[in-house]
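Report on the following structure.
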Amino acid sequence: MVIELQSVVKQFGPDTVLDRISLTLRSGVVYGFQGINGSGKTMLMRLISGLIYPTSGTVLIDGTPKTGQNNFPESMGLLIETPSFVPGQTGFENLRMLAGIKGKISDPEVEHALERVGLDPHDRRKYRKYSLGMKQRLGIACAIMERPDLLILDEPVNALDEDGIALVKQIVREEKERGALVLLSCHDFESLSEMSDVIFRLVAGKITRKTVKRNGTFVEESV
C-alpha cells in the first residue's frame with residue numbers, strides 16, 4: 001500500500017488545521033506523528049482514514065484518489081480518540097458484533113486479538129465495568145483483529161500501565177513485520193521513538209521536521 005498526500009489543506013471556517021501537507025507513506029513502515037495538542041496530528045489521521053475530507057489537495061491510495069463514496073481505505077484498523085463500545089456487552093461480544101459487519105474473520109481470530117492485548121476473551125464482565133486501561137486495550141484489539149493493511153493508532157498507550165505499553169510496542173513491531181502501514185501518535189516521545197521508523201513533527205497544521213531512523217539513530221531529512 002502507498003498513501004500519497006498532495007498539498008492537502010483542511011479548513012474549518014476561517015481556521016486552517018492542516019496546511020499544505022505532502023507525504024508519501026508506504027507499507028512495512030511505522031510513521032510517528034509528534035506535536036502538542038492542536039498541532040494537527042489527529043486531524044491528519046482522520047483525513048487519511050477518510051473520516052474527514054480535504055478542503056483542497058488530493059489523497060491517493062495506490063494511485064487512486066479518495067473522494068466521495070470511495071473515501072475510506074479498503075483495509076484499515078483505526079483507533080482515534082476515546083474508543084466506545086456497547087456498555088451491556090462483553091469485550092468479546094462487542095468485537096464479534098463488529099467483525100460481523102465485513103465477515104472477514106471468525107470467533108478464533110476475535111479471541112486471538114483480545115489475547116494479543118492482554119484481555120481474556122472469556123471474561124464475562126460487561127464493557128461498562130471495564131477500567132480505562134481495559135477499554136483502551138479493547139480499542140486496540142478492535143483495530144488489529146482483521147489484520148488491516150493500514151493501521152492507525154492515535155495515542156494507543158493512553159491509560160495503559162507498563163505491561164500494556166510493552167504489549168503495544170510488541171503489537172506495532174508485529175504489524176510492521178506483517179507488512180502493514182502503521183501510523184502512530186504518542187505524547188510520550190520516548191515510546192514514539194522506540195516504535196517509529198520515521199517521525200514527522202507538526203506545528204500549527206504544518207509538517208516542520210522529518211527524522212528517519214538509521215542504524216538505531218534518528219537522522220533529519222528534508223520535509
Side-chain angles (χ1 to χ4, degrees), residues 1-61 66 73 76-83 132 136 139-140 143 148 150-160 164-165 168-169 171-173 175-176 180-214 216-223:
M1 171 182 281
V2 179
I3 299 178
E4 298 174 78
L5 278 66
Q6 299 176 345
S7 299
V8 167
V9 174
K10 181 61 183 178
Q11 295 175 312
F12 291 102
D15 299 322
T16 299
V17 295
L18 296 173
D19 191 357
R20 293 170 292 174
I21 289 181
S22 295
L23 292 175
T24 300
L25 311 170
R26 302 180 185 277
S27 293
V29 181
V30 181
Y31 297 93
F33 295 98
Q34 176 200 9
I36 63 173
N37 289 341
S39 62
K41 304 187 305 295
T42 298
M43 282 298 170
L44 182 56
M45 290 182 164
R46 289 172 64 85
L47 186 136
I48 292 171
S49 70
L51 294 175
I52 60 174
Y53 296 90
T55 303
S56 63
T58 305
V59 179
L60 301 98
I61 297 184
K66 307 305 290 183
M76 174 177 65
L78 183 65
L79 175 70
I80 290 185
E81 298 176 336
T82 305
L132 288 176
Q136 185 75 352
I140 296 168
L150 171 62
L151 178 61
I152 300 177
L153 300 174
D154 184 24
E155 299 292 346
V157 301
N158 270 2
L160 296 183
I165 293 171
V168 170
K169 292 176 180 178
I171 287 168
V172 168
R173 183 169 59 252
E175 293 301 299
K176 171 191 171 180
L181 195 170
V182 184
L183 307 183
L184 293 172
S185 72
C186 186
H187 279 104
D188 179 5
F189 185 69
E190 182 177 346
S191 293
L192 185 69
S193 299
E194 187 174 340
M195 291 187 281
S196 302
D197 301 307
V198 180
I199 295 178
F200 295 103
R201 178 168 178 78
L202 281 86
V203 176
K206 295 182 179 181
I207 293 179
T208 61
R209 190 176 186 223
K210 174 186 177 183
T211 54
V212 179
K213 188 180 288 181
R214 302 192 187 284
T217 302
F218 278 97
V219 178
E220 189 165 353
E221 290 190 355
S222 59
V223 177

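This chain uses plain numbering: 1 for the first residue, then up along the sequence.
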[atom1]-[atom2] distance between [X] and [Y], expressed to the nearest 0.5 angstrom:
X	Y	atom1	atom2	result
Ile80	Ile152	CD1	CD1	5.5 Å
Ser196	Lys176	OG	NZ	9.5 Å
Asn158	Leu160	CG	CG	7.5 Å
Glu155	Phe33	CD	CZ	13.0 Å
Thr217	Arg214	OG1	CZ	11.5 Å
Leu192	Tyr31	CG	OH	14.0 Å

Do [X] and [Y] have side chains that approach each other closer than 4.5 Å (heavy atoms only, starting at C-beta)?
X	Y	answer
His187	Asn37	yes
Phe200	Leu25	yes
Ile3	Arg26	no
Val8	Ser22	no
Leu78	Ser49	yes

*Between Lys210 and Glu220, is the closest basic N to carboxylate O distance under 4.0 Å?*
no
*Salt-bridge present (Asp197, Lys213; N to O < 4.0 Å)*: no
*Under 6.0 Å from the CD1 atom of Ile36, do we count more than 12 heavy atoms belonging to anything else shown?*
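Open: at most 12 neighbouring heavy atoms sit under 6.0 Å from CD1 of Ile36.
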*Within a radius of less than 6.0 Å around CZ of Arg201, do more than 12 heavy atoms belonging to other residues, nucleotides or ligands occur?*
yes
*What are the two closest non-hydrogen atoms of Gln11 and Thr55, and how far apart are they?*
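Of all heavy-atom pairs spanning Gln11 and Thr55, the closest is N-OG1, 2.8 Å.
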_Cys186 versus Ser191, closest heavy-atom pair with distance_ =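 Residues Cys186 and Ser191, closest heavy atoms: SG-CB, 4.0 Å.
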*Apply side chain to side chain contact (heavy atoms under 4.5 Å, CB included) to Leu18 and Thr16, showing your working.*
CA-CA 6 Å; Leu18 296 173; Thr16 299; 5.9 Å; no
*Partner residues of Glu81 under the side-chain contact (heavy atoms from CB on, under 4.5 Å) criterion, sequence neighbours left out*: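 If we apply the side-chain contact (heavy atoms from CB on, under 4.5 Å) test to Glu81, skipping adjacent residues, the hits are Thr42, Arg46, Asp154.
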